[in-house]
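The chains referred to below are lettered A, B, ... by the order of the sequence lines, with proteins before strands, and numbering in each begins at 1.
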2 protein chains.
Amino acid sequence: MLQLRLEVELSCSLGGQRKGYEVVSGGRALRADAERTVQTILEAAERVLSRNPAASMEQIAEAAGVARTTVHRRFASRDALVDAMTAWATRQFATAVEAQYSTTAPPLVALYQVTASVLRVKIDWGFAMSRASSADPEVARVHADVQAKCEQMFRRAQETGVLRPDVDVTWARRVYYALIHEAAQSDGDDTDALAALLVDTLLRGVGTDRTL
Amino acid sequence: MLQLRLEVELSCSLGGQRKGYEVVSGGRALRADAERTVQTILEAAERVLSRNPAASMEQIAEAAGVARTTVHRRFASRDALVDAMTAWATRQFATAVEAQYSTTAPPLVALYQVTASVLRVKIDWGFAMSRASSADPEVARVHADVQAKCEQMFRRAQETGVLRPDVDVTWARRVYYALIHEAAQSDGDDTDALAALLVDTLLRGVGTDRTL
DNA sequence: CTTAGTTGCAACATTGGTGTTGCATCTACT
DNA sequence: AGTAGATGCAACACCAATGTTGCAACTAAG
């Protein structure tokens, strides 16, 4: 809880916007309990929508333990709610990447650390993060930015001789994203082990060396 | 067109059911032009729903170039339409696998051929195929069946020394599926090259041999 | 304590999608 | 050519989800 509020302010200063989520109230500060309610709703929405993207506001409200009217009081519309989720998740995502990404660390170390960090976010905010093509230009910018960073990292890995020189960097990134998506569906909670498995698979594949 | 009808009959004999799609007409044979309309609708639905899963019947009908009422005449409900798509795609899928799968061919050859074959179906029927958890038990059976075949193939590959003995077969299959999903999003039409790239990535990864 | 903010509840209006029907027109098949 | 089947169109009923409002009860914060 405390951590969440911290992240809000952190990301607000990063994003340069007043509030991450689109609340109905046109800019007035929310009382502490209301702020908590907003978070509860966002988390419930993620939980419900990741299972059923067509779920109704009623189901989301129920999962959050609030009345449907409360949801509508905090989010102007269904779209606004989803946009808020996307914005929130995107900021978590950006924070996770920025905390681990480094152009100076050895590519392999950077890759492993970023992977573990991103996996944690992806597991909790899978639905919201899958909406990279959002109406919010800020969200699009962050995703494009991270994607660029990712390919840059792979290029550097290629120069260092970690990645094969004959593989297309874009393809490598797509494979990486696909593996993250798949790994995030796992049930265990050991994200470090998961990240290790993921990176190992990404680099070595599942075959023996003498293959082909 | 001709090929489509052929496949229908082929799969009907395989599946053991009267009709693949759930038409409204309770069992009467459709006139040839109506049969074509059904196909057109299924293809349009796939095209539209793969872009927007929440698209309306109106949009589907428009994409198919028919009136909305016609869609409702052929499919009892929205669910029935989607189920029909799933059933159809699943049969294409099963056919593609069965045509290429072999327990006698070298695992690597089998893997490559199945991949290319499945990719072709997946590119055209991505939405319908993503609905593996269908109400239709036949669909679930086929998917479970293919999945089992897949893991069996990987086990065999492990025994032959093509797959590393320390990788979990289930994980290998999940990675394989994830790569197919990702590769199917590509735009080019050279499925053979795509399959080659996919299998190469699956087995060798994107890293150099000396990695780790 | 006081007040402004928050919430639940009940009731309501609205809307977009779904599914149905009747009829006129057209067409595949015999 | 004749007929059963297929389609388009307009009109309708229906419903579930969305979004709104007023009010009473509660509570965080000064």
Results of side-chain hydrogen bond (donor to acceptor under 3.5 Å, both in side chains) for A:Ser56 - residues two or more places apart only: A:Gln59

Axial bend angle, the helix from C:dC1-D:dG30 to C:dT30-D:dA1: five-pair end segments, nearest 10°: 40°

Residue pairs passing the ring pair (Phe, Tyr, Trp, His ring centres under 6.0 Å) test where at least one lies in residues 34-60 of chain A, sequence neighbours excluded: none

From [X] atom [atom1] to [Y] atom [atom2], the distance as rounded to the nearest 0.5 Å:
X	Y	atom1	atom2	answer
A:Leu198	A:Ser186	CG	OG	9.0 Å
A:Gln113	A:Asp192	CD	CG	10.0 Å
A:Arg131	A:Ser133	CZ	OG	6.5 Å

B:Thr37 side chain near D:dA6 phosphate (N/O to OP1/OP2, under 4.0 Å): no

Residue-phosphate contact under 4.0 Å: A:Thr70 side-chain N/O, C:dT7 OP1/OP2: no

For nucleotides 17-19 of chain D, give me every protein contact, N/O to N/O, under 3.5 Å, one pair per line with atom names.
{"residue": "D:dT18", "atom": "OP1", "partner": "A:Arg78", "partner atom": "NE", "Å": "2.6"}
{"residue": "D:dT18", "atom": "OP2", "partner": "A:Met57", "partner atom": "N", "Å": "2.9"}
{"residue": "D:dG19", "atom": "OP2", "partner": "A:Arg78", "partner atom": "N", "Å": "3.0"}
{"residue": "D:dG19", "atom": "N7", "partner": "A:Arg68", "partner atom": "NH1", "Å": "2.9"}
{"residue": "D:dG19", "atom": "O6", "partner": "A:Arg68", "partner atom": "NH2", "Å": "3.0"}

Salt-bridge present (A:Arg120, A:Asp189; N to O < 4.0 Å): no

Between C1' of D:dT20 and CZ of A:Arg74, the distance in whole Å: 15 Å

Sugar-phosphate only, base, or nothing, as touched by B:Thr69 at under 4.0 Å among non-hydrogen atoms: base

Contact letters for nucleotides 23-30 of chain C, in which S counts primed atoms plus P, OP1 and OP2 and B counts the base, heavy atoms under 4.0 Å: ----BBS-

Under 3.5 Å: donor-acceptor pair, side chain of B:Glu46, backbone of B:Phe127: yes

Inter- and intrachain pairs under salt bridge (charged side-chain N to carboxylate O under 4.0 Å, His left out), touching residues 145-158 of chain B, at least two apart: B:Asp145-B:Lys149, B:Glu151-B:Arg173

Donor on one side chain, acceptor on other, B:Tyr176 and B:Thr115, under 3.5 Å: yes

Plane angle bin for B:His143 and B:Phe93 - parallel if under 30°, tilted between 30 and 60°, otherwise perpendicular: tilted

